[in-house]
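Okay, here's the structure, questions in a sec.
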Amino acid sequence: MAYVIGEPCVDVMDRACVEECPVDCIYEGGRSLYIQPDECVDCGACVPACPVDAIYFEDDLPAQMGEHLADNAAFFADPLPGQEAALGSPGGAATLGPLGVDTPLVARLPRRVG
Ligand code: F3S
Ligand code: F3S
């Protein structure tokens, strides 16, 4: 079980959640952030920090964000565009820094304006 970042984060990327996470498991892509589901310890500290309510416990994810459960996991389980290997469990987002790429699902979302 894990927490999941959904569509409201896309093109917003406030990053307040990153400061709250005790295990540094919130990783930065190009247009969204993603929670590593094996590293997340389900503390929920990130949830109130997000100004756009993008973070949910996986069982509480609103139906319209359902795809993001598998998608957050896919960010780590599948090789990202331009990468040969999957990220897996890097063990900390700070050392990795922004990755600049997204899952196919996030990459094809219309760009948020305004
Ligand atoms: Fe995104 Fe909210 Fe974190 S907008 S970066 S999930 S604080
Ligand atoms: Fe971190 Fe949020 Fe999980 S603070 S441990 S990503 S519930």
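For ligands, and for the atoms within them, numbers begin at 1 and follow the listed sequence. What you see below is based on every heavy atom in this structure, not just the backbone, and it leaves out hydrogens, waters and symmetry mates.
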**Prompt:** When rounded to the nearest 0.5 angstrom, what distance separates CE in Met1 from CD in Glu58?
**Reply:** 4.5 Å
**Message:** I'd like to know: is atom 2 (Fe) of ligand 1 within the 2.8 Å range of an N/O/S atom from Cys17, strictly under that distance?
**Reply:** no
**Prompt:** Atom CZ in Arg31, atom CZ in Arg112: separation rounded to 0.5 Å?
**Reply:** 8.5 Å
**Complete:** Result, protein N, O or S atoms below 2.8 Å from atom 3 (Fe) of ligand 2, excl. waters, equals 1
**Prompt:** How far is atom 5 (S) of ligand 1 from its nearest protein heavy atom, and which residue and atom name does that atom have?
**Reply:** Arg15 N, 3.1 Å
**Request:** Using the ring-ring contact (aromatic ring centres under 6.0 Å, His included) rule, collect all pairs that involve residues 44-74, keeping only residues at least two apart or in two chains.
**Result:** Tyr3-Phe57
**Contacts of Ser32 that satisfy side-chain hydrogen bond (donor to acceptor under 3.5 Å, both in side chains) - sequence neighbours left out** = none
Show which side-chain atoms of residues 35-42 pair as donor or acceptor with protein atoms under 3.5 Å away, not counting sequence neighbours.
residue : atom : partner : partner atom : Å
Gln36   : OE1  : Asp38   : N            : 2.6
Gln36   : OE1  : Glu39   : N            : 3.1
Gln36   : NE2  : Gly88   : O            : 2.8
Glu39   : OE1  : Tyr27   : OH           : 2.6
Glu39   : OE2  : Tyr27   : OH           : 3.4
Glu39   : OE2  : Ser89   : OG           : 2.6
Glu39   : OE2  : Gly91   : N            : 2.7

**Request:** Report the part of Ile55 (side chain from C-beta onward, or backbone N, CA, C, O) that has a heavy atom under 4.0 Å from ligand 1; answer both or neither where that applies.
**Result:** side chain
**Asked** In Å and rounded to the nearest 0.5 Å, what is the CG to CG distance from Asn72 to Leu33?
**Response** 9.5 Å
**Request:** Give the residue and atom name of whichever protein heavy atom lies nearest to atom 1 (Fe) of ligand 1, and the separation in Å to one decimal.
**Result:** Cys9 SG, 2.4 Å
**Message:** Quiz question: by atom type and distance under 3.5 Å, do the side chains of Asp71 and Tyr34 form a donor-acceptor pair?
**Reply:** no
